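What follows is one structure encoded as structure tokens, with my remarks underneath.
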2 protein chains.
Amino acid sequence: MPRAGLTPDRVVDAAISLVDDRGLDALTLAAVAERCGVAAPSLYKHVSNLADLRTLVGVRVLAEMTDRLAAAAMGRSGPDAVGSVMRAYRDYAVAHPARYAAMPVDPLHQPEYAAAGQRLLDVMRAALRPWRLSDAQMVHTMRAARVITHGFASLESAGGFGLPEDLDESYELLIQMYLTSLPLTHAAQES
Amino acid sequence: MPRAGLTPDRVVDAAISLVDDRGLDALTLAAVAERCGVAAPSLYKHVSNLADLRTLVGVRVLAEMTDRLAAAAMGRSGPDAVGSVMRAYRDYAVAHPARYAAMPVDPLHQPEYAAAGQRLLDVMRAALRPWRLSDAQMVHTMRAARVITHGFASLESAGGFGLPEDLDESYELLIQMYLTSLPLTHAAQES
DNA sequence: GCTAGAAAGCTAATACACGTAGCCAGATCA
DNA sequence: TGATCTGGCTACGTGTATTAGCTTTCTAGC
């Protein structure tokens with residue numbers, strides 16, 4: 001009967017450690033409750049339901065990754081910043097594959113995620129600022145970065161590449177391909 | 001008491017139509033059974049369990065997509081063939097988002113998928129043949145194609161892009177970026 | 001310090017889902 | 001025709017999400 005002292009945040013903590021340990025599919029209220037030392041229905045005092053918990057986990061992961069990307073861009077500019085952000089993206093996904101799988105792919109379309117998703121985009125947008133792209137160019141350029149980073153990270157973190165060898169090189173080649181495709185303006189001279 | 005005349009293939013048919021209609025998460029044995037006009041346990045006469053059914057769906061989808069890609073490459077060569085295969089990949093994923101989500105990301109690591117997965121890779125490898133890449137180059141080049149196609153297709157089919165506008169153009173720019181990155185050898189003169 | 005009430009835990013019960021066991025009828029084949 | 005195999009069924013056990021309603025603990029105000 002002593003209280004466990006749960007809060008929504010602590011429930012999310014438990015959920016994330018569970019996901020890290022046993023994969024995204026193991027994220028069940030029963031398992032989270034056990035990890036919290038509490039009966040399953042008690043979780044409903046802190047979280048609306050399983051869907052809500054999943055959302056909270058997604059928001060947490062999105063925010064955490066954004067922090068990493070922002071840190072990776074800090075103190076860098078131009079191609080250096082862009083490459084650094086792209087590497088940090090991959091690093092996070094490979095270091096925490098199950099968390100990466102918990103990240104929503106369409107954050108901007110769901111209000112719960114919108115703020116965190118916008119912040120992540122802003123990090124990349126800032127890194128691309130030196131190129132002084134038009135709005136339309138910026139849209140295509142951001143999309144291309146997202147395609148490459150998400151494509152590579154989701155494949156690698158899910159074990160999608162047949163051979164583990166030379167993955168670093170494959171990714172560096174993609175980053176070079178991407179940087180090379182950027183228009184040769186202001187930023188290109190900075191590097 | 002009249003027999004329903006089920007076979008594993010017909011069960012997979014029902015599963016796929018269910019996935020098309022109601023999404024991958026709706027793929028449950030109960031729902032498939034209802035669609036087949038049969039009680040749930042009867043499905044076990046044709047399919048080992050839910051995991052097995054999921055695998056069979058994945059194999060079917062993988063094979064279906066491979067057929068599309070092969071058809072897209074037919075009668076083309078060089079950049080034309082590569083671009084055509086990449087467009088066909090996206091087209092399939094967007095036309096059948098739930099099926100695309102059912103496709104395994106690591107087919108080569110699971111024996112059930114290996115044959116179908118290998119066949120898909122062969123289509124792309126054939127399209128890249130004119131460049132006469134070394135083995136190591138071929139690995140990186142195939143990976144890059146996979147990253148771009150899967151990255152774009154998975155994001156678009158999951159509603160991951162904020163704005164629906166200009167997606168065709170974004171994809172064409174990526175294809176151009178990719179083709180431009182290929183070494184200027186034999187094939188480049190054919191186009 | 002006492003007490004009212006909110007907050008946080010619990011048990012019990014419902015609704016589904018997967019999966020197993022074992023029964024029965026219809027098809028097949030000697 | 002009759003034996004056997006196959007494909008259906010019902011009944012059951014387990015696990016999960018979720019709701020309802022009870023009880024205990026903490027906290028605020030007097």
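Every value quoted in this text rests on a predicted model; they were computed, and no experiment measured them. Each chain gets a letter, A, B and so on, in the order the sequences are listed, and its residues count up from 1.
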Handout entry: A:Leu29 side-chain proximity, nearest of C:dG9, D:dT18, D:dG8
Key = D:dT18
Handout entry: Ring centre gap for B:Phe152 and B:Tyr89 strictly below 6.0 Å
Key = no
Problem - B:Leu50 side-chain proximity, nearest of C:dG19, C:dA8, C:dT11 - result: C:dG19
Exercise for the section: Write down the distance between CZ (A:Arg54) and P (D:dT18), rounded to a whole number of angstrom. Expected result: 9 Å
Exercise for the section: Measure from the side chain of B:Val38, starting at C-beta and using heavy atoms only, and say which of D:dA17, C:dC10, D:dC9 lies closest. Expected result: D:dC9
Handout entry: Check: A:Asp106 side chain, A:His109 main-chain N or O, donor-acceptor pair, under 3.5 Å
Key = no
Handout entry: Nearest listed nucleotide, side chain of B:Tyr44, among D:dT18, C:dG19, D:dT16
Key = C:dG19
Completion exercise
Note: for A:Pro41 and B:Leu6 on DNA chain D, the residue whose nearest nucleotide lies more 5' is B:Leu6
Practice task
Quickly work out the A:Asn49 CG to C:dC16 P distance and round it to whole Å.
Solution key: 17 Å
Handout entry: Nucleotide nearest B:Lys45 when distance is taken to its side chain, options C:dC18, D:dG8, D:dT18
Key = D:dG8
Problem - A:Arg119 with A:Asp122: basic N within carboxylate O range, under 4.0 Å - result: no
Completion exercise
Closest to the side chain of B:Thr28, out of C:dT11, C:dC18, C:dG19, is C:dC18
Exercise for the section: Take B:Arg60 and B:Asp9 through the salt bridge (charged side-chain N to carboxylate O under 4.0 Å, His left out) test and state the conclusion after the steps. Expected result: CA-CA 10 Å; B:Arg60 174 83 70 86; B:Asp9 262 355; 3.7 Å; yes
Practice task
Answer yes or no for A:Arg87 and A:Tyr171: cation-pi contact, defined as NZ/CZ to six-membered ring centre under 6.0 Å and angle to ring axis within 45°.
Solution key: no
Exercise for the section: Report the distance from atom CG of B:Leu27 to atom P of C:dC18, rounded to the nearest whole Å. Expected result: 9 Å
Problem - Distance, rounded to the nearest Å, where B:Asp25 contributes CG and C:dC16 contributes C1' - result: 16 Å
Exercise for the section: Please state how far atom CD in A:Glu34 lies from atom C1' in D:dG15, giving the value in whole angstrom units. Expected result: 13 Å
Exercise for the section: Let me know the distance between NE2 of B:His46 and P of C:dG19, rounded to the nearest Å. Expected result: 16 Å
Practice task
Give A:Ser42 one of three labels, base, sugar-phosphate or nothing, depending on what nucleic acid heavy atoms sit under 4.0 Å from its own.
Solution key: base
